[in-house]
Amino acid sequence: MNVEVLKKKDIKSYMEHIKRIFDYDVSEDIIEKLIRKNKVLIIKKDDVIVASVIVEERFEYIKNKKYYKLEYLGVSKQYRREGLATKLFEKIEEMIKENNIDYIELTSGNQRRGAYYFYKSKHFKIKDTTVFVKFY
């Protein structure tokens, strides 16, 4: 199983993957907008997406730094602990070198203990911050 970039032909499979992993219903036009502005890395098994991550390139103007914001990293339950997330990170690291990225950032919920230990094993540091959200 190889890492590839999500293409239009795989949008329906990606929508099903997002529903399975995160229990979100997302529309095809939203995914089309997403892939115009960002990279979505995927891993497929028999034409079914089993792992993915959104990679958004951002720029921190005050510090003059380019970085990747990673979102919705998810691996189907039956494929966890098989190295698929590591494969995604290996591809991201290639992209970092090619695009002169200064760092990567992601957010993960406290309840996701497996993800916590995975990110720590990849040498992520926990940023001392509090996230404030106001919904309308």
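Below, each value reflects all heavy atoms present in this structure, side chains not excepted, and no hydrogens, waters or symmetry copies. This chain uses plain numbering: 1 for the first residue, then up along the sequence.
Inter-residue side-chain proximity for Asp102 and Lys63 is flagged as unmet; no heavy-atom pair is nearer than 4.5 Å. Taking the side chain as every heavy atom from C-beta outward, Asn64 and Phe59 approach each other to under 4.5 Å. At least one side-chain heavy atom of Glu57 sits less than 4.5 Å from a side-chain heavy atom of Ile101. Counting heavy atoms from C-beta on, the side chains of Val40 and Val55 never come closer than 4.5 Å. Proximity of Ile92 to Ile104: side-chain heavy atoms (C-beta onward) are separated by under 4.5 Å at one or more points. Residues Leu88 and Val3 have side chains in contact (heavy-atom distance under 4.5 Å, counting atoms from C-beta outward).
With rounding to the nearest 0.5 Å, the separation of OG1 in Thr86 from CD in Glu93 is 9.5 Å. Note that CD1 of Ile54 and CG of Leu6 are 9.5 Å apart. Values are rounded to the nearest 0.5 Å. Residue Glu71 holds its CD atom at 8.0 Å from CG of Asn38, rounded to the nearest 0.5 Å. Rounding to the nearest 0.5 angstrom, the gap separating the OG atom in Ser13 from the NZ atom in Lys7 is 14.0 Å. We find the OH-CD1 distance between Tyr68 and Ile96 to be 7.0 Å, quoted to the nearest 0.5 Å.
Under the 4.5 Å side-chain heavy-atom criterion for grouping Ile, Leu, Val, Met, Phe, Trp and Tyr, Leu73 is connected to Met1 within one hydrophobic cluster.
More than 12 non-hydrogen atoms from other residues, nucleotides or ligands lie less than 6.0 angstrom from NZ of Lys66.
Scored by the salt bridge (charged side-chain N to carboxylate O under 4.0 Å, His left out) test, Glu56 finds Arg58 as partners (sequence neighbours excluded). For Tyr24, the side chain to side chain contact (heavy atoms under 4.5 Å, CB included) test picks out Ile18, Phe22, Tyr72, with sequence neighbours left out.
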Side-chain donor/acceptor pairs under 3.5 Å, residues 28-37, sequence neighbours excluded:
from: Glu28; atom 1: OE1; to: Lys12; atom 2: NZ; distance (Å): 2.6
from: Asp29; atom 1: OD1; to: Ser27; atom 2: OG; distance (Å): 2.6

Hey, can you pull the donor-acceptor pairs under 3.5 Å for the side chains in residues 43-53, sequence neighbours left out?
from: Lys44; atom 1: NZ; to: Asp10; atom 2: OD1; distance (Å): 3.3
from: Lys44; atom 1: NZ; to: Asp10; atom 2: OD2; distance (Å): 3.2
from: Ser52; atom 1: OG; to: His17; atom 2: NE2; distance (Å): 3.0

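Applying the salt bridge (charged side-chain N to carboxylate O under 4.0 Å, His left out) test to pairs two or more places apart or on separate chains, those with a residue in residues 79-92 are Lys91-Glu94. Every pair passing ring-ring contact (aromatic ring centres under 6.0 Å, His included) that includes a residue from residues 88-107 is listed here, sequence neighbours excluded: Tyr67-Tyr103, Phe89-Phe118, Phe89-Phe124.
Between Lys69 and Thr107 the shortest heavy-atom distance is NZ-OG1, 3.1 Å.
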